[in-house]
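The structure under discussion appears below in the form of structure tokens.
This is a predicted model, so every value here is computed, not measured. Every heavy atom of this structure was used, including side-chain atoms; hydrogens, water molecules and symmetry mates were not.
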Amino acid sequence: MKVAKDPSGKEINALEQHLKNLLSPSTPFFFNTLYDPYREGTDFVRGYPFSLREGVPTAASHGLWLNIPDYDAPTQLVKPLERNNRYVDAVMTIPKGTLFPMCGMNLAFNRELIGPAMYFGLMGEGQPIGRYDDMWAGWCVKVISDHLGLGVKTGLPYIWHSKASNPFVNLKKEYKGIYWQEELIPFFQSVSFPKECTTAQKCYIELSKQVKAKLGKVDEYFNKLADAMVTWIEAWDELNLSGVKSEALSNGPAK
């Protein structure tokens, strides 16, 4: 990975663009055909409801790749020489109710809004869904964002991907993920949360229950993952709540 350049040859400031995405609203409830209406030089098009133009907070900013595309192993094998040279100068909000494949290598997110849900699937040696761990996090983040009324943006910034991974190694890592995704996607499309789920933590705990109930029968891996999701939230709350308490103590008693 390295810094990409725009069509003029100028190096892209990926961090700056991610911050711009996160600090501007999203529009998940109605699609603007000029993409992100908050960018300079664009606006909401005719027919866009005025009641929705304020937008909602942006939970995650998902960037893209130039040069070597982020393909799965079967696509790599049939298109070994394909390169992505098309720089599209656009950012868009992914509509509510629509899932997307999230790559974790060009990503920023609002920790307070969605941090508890940004937990990748169990990964590493011996785990069966290598290269799908970030996809899992993306699906969790999206369904929770949809429920909480948050947005997810994709598009700029680009990074330059210079080294293709071995497609045969990738196939060995991916094959169960490729097989299971035909059940995972319908699962996430059917996820719903009760109105009591008002935070990312509460949504994530509820999601872990649904994972165990509906995906546990697919493979024991999902039972382990559901348990790990609960442990993750317990650790998140312990760390963050202890930090809040420490800050309160350092500030002294309220006056």
Side-chain angles (χ1 to χ4, degrees), residues 59-60 62 70-77 94 97-107 109 111 113-148 150 152 165-241:
H62 179 253
D70 185 16
Y71 284 159
D72 52 43
T75 308
Q76 280 184 286
L77 288 169
I94 302 171
T98 301
L99 297 171
F100 75 109
M102 188 185 82
C103 171
M105 288 189 280
N106 185 11
L107 178 71
F109 59 94
R111 186 177 183 277
L113 293 178
I114 206 65
M118 194 61 77
Y119 177 74
F120 285 22
L122 296 171
M123 64 181 85
E125 190 68 31
Q127 300 294 351
I129 57 169
R131 287 171 53 84
Y132 270 77
D133 33 49
D134 49 359
M135 299 292 163
W136 177 268
W139 298 329
C140 294
V141 162
K142 188 57 169 61
V143 295
I144 292 174
S145 294
D146 286 351
H147 173 73
L148 296 177
L150 304 172
V152 176
S165 50
N166 186 305
F168 296 101
V169 174
N170 288 345
L171 184 59
K172 185 177 180 181
K173 294 178 180 178
E174 290 176 350
Y175 80 95
K176 282 195 174 181
I178 293 171
Y179 178 66
W180 284 340
Q181 75 180 5
E182 303 307 319
E183 297 196 51
L184 297 180
I185 298 306
F187 164 76
F188 279 103
Q189 288 173 329
S190 68
V191 164
S192 63
F193 298 96
K195 61 181 180 180
E196 292 78 18
C197 291
T198 55
T199 65
Q201 288 101 316
K202 291 179 180 178
C203 288
Y204 205 65
I205 292 295
E206 171 61 27
L207 186 57
S208 72
K209 296 176 183 176
Q210 296 185 35
V211 168
K212 180 163 285 192
K214 297 181 180 180
L215 295 179
K217 60 187 178 183
V218 174
D219 192 88
E220 180 59 25
Y221 169 80
F222 294 104
N223 286 322
K224 295 177 182 178
L225 178 53
D227 291 339
M229 292 167 72
V230 174
T231 301
W232 163 252
I233 294 300
E234 291 173 350
W236 177 278
D237 284 345
E238 182 179 348
L239 176 64
N240 288 279
L241 291 178

Seminar exercise, completed: E125 meets the side-chain contact (heavy atoms from CB on, under 4.5 Å) criterion, sequence neighbours left out, with none

For this session: Could you tell me whether W180 and F222 have their ring centroids closer than 6.0 angstrom?
Result: yes

Problem set entry | Smallest separation among heavy atoms of M118 and W232, with atom names | O-CZ2, 4.3 Å

Compile the donor-acceptor pairs under 3.5 Å between side chains in residues 183-196 and protein atoms, sequence neighbours left out, one pair per line.
unit_1: S190; atom_1: OG; unit_2: P186; atom_2: O; d: 3.3
unit_1: S190; atom_1: OG; unit_2: F187; atom_2: O; d: 2.8

Exercise. Under 3.5 Å, side chain of E174 to main-chain N/O of A73, donor-acceptor pair present?
Worked result: yes

Seminar exercise, completed: Tightest non-hydrogen contact, residues L207 and C140, listed as CD2-SG, 3.6 Å

Exercise. Which is it for L77 and F168 under the side-chain contact (heavy atoms from CB on, under 4.5 Å) test, yes or no, and what are the steps along the way?
Worked result: CA-CA 8 Å; L77 288 169; F168 296 101; 3.7 Å; yes

Exercise. If you measure from CG on L225 to NZ on K212, what distance do you get to the nearest 0.5 Å?
Worked result: 10.0 Å

Problem set entry | Exam field: side chain D133 to backbone F120, donor-acceptor pair closer than 3.5 Å | no

Exercise. Side-chain donor-acceptor pair under 3.5 Å between Y132 and Q181, yes or no?
Worked result: yes

Exercise. Just wondering, do V169 and K172 contact through their side chains at under 4.5 Å, heavy atoms?
Worked result: no

For this session: Taking all heavy atoms of S145 and all of V152, pick out the closest pair and write down the distance.
Result: OG-CG2, 4.0 Å

Exercise. Between the main-chain N or O of G104 and the side-chain N or O of D134, is there a donor-acceptor pair closer than 3.5 Å?
Worked result: yes

For this session: With rounding to the nearest 0.5 Å, note down the distance linking NE2 in H62 to CZ in F109.
Result: 13.5 Å

Exercise. How far apart are the closest heavy atoms of A200 and L113, and which atoms are they?
Worked result: CB-O, 3.7 Å

Exercise. Is the backbone N or O of T98 less than 3.5 Å from a side-chain atom of K142, with the two atoms forming a donor-acceptor pair by type?
Worked result: yes

Exercise. Nearest 0.5 Å, what's the NZ-CG distance between K217 and D219?
Worked result: 13.5 Å

Exercise. Which heavy atom in G97 sits nearest to a heavy atom in D146, and how many Å separate them?
Worked result: N-OD2, 2.9 Å

Problem set entry | Separation of L122 CG from M229 CE (nearest 0.5 Å) | 10.0 Å

Exercise. So do the side chains of D227 and V230 get within less than 4.5 Å of each other, counting heavy atoms only?
Worked result: no

Seminar exercise, completed: Separation between OG1 (T231) and CD (E238), nearest 0.5 Å, reads 11.5 Å

Exercise. If we only count heavy atoms from C-beta on, is the Y204 to Y119 side-chain gap below 4.5 Å?
Worked result: yes

Problem set entry | For the student: nearest non-hydrogen atoms of K214 and V218, plus distance | O-CG2, 4.3 Å

For this session: Assess R131 against W136: is NZ or CZ under 6.0 Å from the centre of the six-membered ring, and within 45 degrees of the ring's axis?
Result: no

Exercise. At what distance, to the nearest 0.5 angstrom, does CG of L171 lie from CG of N166?
Worked result: 10.0 Å

